[in-house]
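In what follows, every chain begins at residue 1, and chains take the letters A, B, ... in the order their sequences are listed. Only heavy atoms go into these numbers, but all of them, side chains included; no hydrogens, no water, no symmetry mates. Fair warning: this is a prediction, and the values are worked out from it, not measured in the lab.
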Number of protein chains: 2
Amino acid sequence: MDSQDDLELQVAVAKVSKYAVSESGDTVETIERPHGGLSLVVADGQRSGKSAKAISNIVARKAISLLADGVRDGAAARAAHDYLRTQRSGQVSATLDIVSADLATRTIVVSRNSHCPVIVVTGPNTALHLLDEPSEAIGIHARTRPVITELPITLDTHLVVFTDGLLTAGERYGESFDLPAFVRDQLQAHQAAKNDQTLPAFQAGALADALLARAVELDQGRPGDDVSVVVLSVMTRQAPDPGPGDRDLAIRRLTIRFPIPAQLART
Amino acid sequence: MDSQDDLELQVAVAKVSKYAVSESGDTVETIERPHGGLSLVVADGQRSGKSAKAISNIVARKAISLLADGVRDGAAARAAHDYLRTQRSGQVSATLDIVSADLATRTIVVSRNSHCPVIVVTGPNTALHLLDEPSEAIGIHARTRPVITELPITLDTHLVVFTDGLLTAGERYGESFDLPAFVRDQLQAHQAAKNDQTLPAFQAGALADALLARAVELDQGRPGDDVSVVVLSVMTRQAPDPGPGDRDLAIRRLTIRFPIPAQLART
């Protein structure tokens, strides 16, 4: 499957809060893996606003801290469950997804503790399947474990991970969001643009933004829940950073953008 | 100073390894602050390659984990020092910078344990100054403390934080990198583009990339050390995400891009 092209890992996270709630109850964090690659943790605390944020924050924190120590993903997910269940006496639940690009094993590892599926698209023909085995939220029952899937790191692989605000977008208005169809359409449009050489440079970001925008549209501009979307893509590198003798400088980049609440800035 | 414009926090990180060394000895991580905002941790381990990475990794991990728990920045820096000094018996040093956009105090907090200055540019006239008080690397001496500076979150504030690979770029070739002049030039060109309405959408990213590219150029394409650049900018929001009745949806975004080493991908 792999070509001789240089590959690039692209990750894009886009988040929005439930309408009229200032703080998202979702937490998304990322950390470098000590043996190479990175992990993303997506936690959605029960309910919304401050109480949900407190829950998703302790879950994400625990998982991130263990992953940073080199603990394997499945053990980190189990530990986050045990920790939440102990802290909150089994009264409070959270969903937890861990997605890792593990350069040591050359795989993408997906650990789901969520009823939300993960969308996987592979190959130039955008073959799509769902990781949707039944999976339980953490924090409530004894011995909850994640459902783990391992995929090879190959060209034209895309993963879409999300919290349930995306899944339920439009429901209040009798509409539903056909996520697989939407993702396939977006990626096929991308494929066409690639043939036309009018390719967007940052496909993962374009897809995450398109999904979030569509969800907000289906909710008529007032998201009914916190929505978080994570896209991870393995792409051909568009423009390697040239060094001497065409050596690739292999620059790594991370960016963050968020609005500063007006009441803080407008003093 | 503040206008009625909506503000946006922009963060850009760009990293490159020393020439012919596959792994950067620098570690840059980011984490959400539990009371609002985010922190960035920039650690540079003594020497380069694997041993340096191991050091910068344990330093960054300790700091990130404490910041995630809500520990104040100065205490996190002291703890990272104590931890490294205990682990490595005071034999190994690292530089550590922590930069936080703290929405609870409405300030940017800079904690330096590094001989590298932090460049601060404020206001529409790009007034520039350096945070360059003498500051000691962590890991060696007893009771090492960070030098802490607090700045208000206001429009047109830019911070440039970097590891010493940027400072020493070109030295082997008898050249030096006048960083303040370069940063001022870049931002003034930005100001001109703003007046011409040809503004780059993501100024922090443009500045981080320009700094890294210039450093690599001064090193004739073979970086003499690991180089990490972090730019944090408080900007006018170019395109708020429109919701109903012009309500701003306040979308938060994070992106990561990095090349996948060829020996891993080309199997």
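- We find the CG-CD1 distance between Leu212(B) and Ile251(A) to be 4.5 Å, quoted to the nearest 0.5 Å.
- Contacts between Asp69(B) and chain A at a heavy-atom distance below 4.5 Å involve backbone atoms as well as side-chain atoms.
- By the neighbour-count criterion of 12 heavy atoms within 6.0 Å, atom CZ of Arg72(B) is sparsely surrounded, having that number or fewer from other residues, nucleotides or ligands.
- The heavy-atom pair separating Pro259(A) from Ala250(B) by the smallest distance is CG-CA, 3.4 Å.
- The side-chain heavy atoms of Ile31(B) and Arg61(A), taken from C-beta on, include no pair separated by under 4.5 Å.
- We find the CD-CG distance between Glu29(A) and Leu254(B) to be 9.0 Å, quoted to the nearest 0.5 Å.
- With rounding to the nearest 0.5 Å, the separation of CZ in Arg253(B) from CZ in Phe258(A) is 13.5 Å.
- Contact of Val234(A) with chain B is made through the side chain alone, with heavy-atom distances under 4.5 Å.
- Neither the backbone nor the side chain of Ser228(A) comes within contact range of chain B, judged by heavy atoms closer than 4.5 Å.
- Chain B forms the most heavy-atom pairs under 4.5 Å with one residue out of Thr27(A), Asn57(A), Leu38(A), Val227(A), and that residue is Leu38(A).
- To the nearest 0.5 Å, atoms CD (Glu32(B)) and OG (Ser24(A)) are separated by 8.0 Å.
- Leu9(A) has its side chain out of reach of Ile256(B): every pair of non-hydrogen atoms, C-beta onward, lies at least 4.5 Å apart.
- Gln10(A) has its side chain out of reach of Thr255(B): every pair of non-hydrogen atoms, C-beta onward, lies at least 4.5 Å apart.
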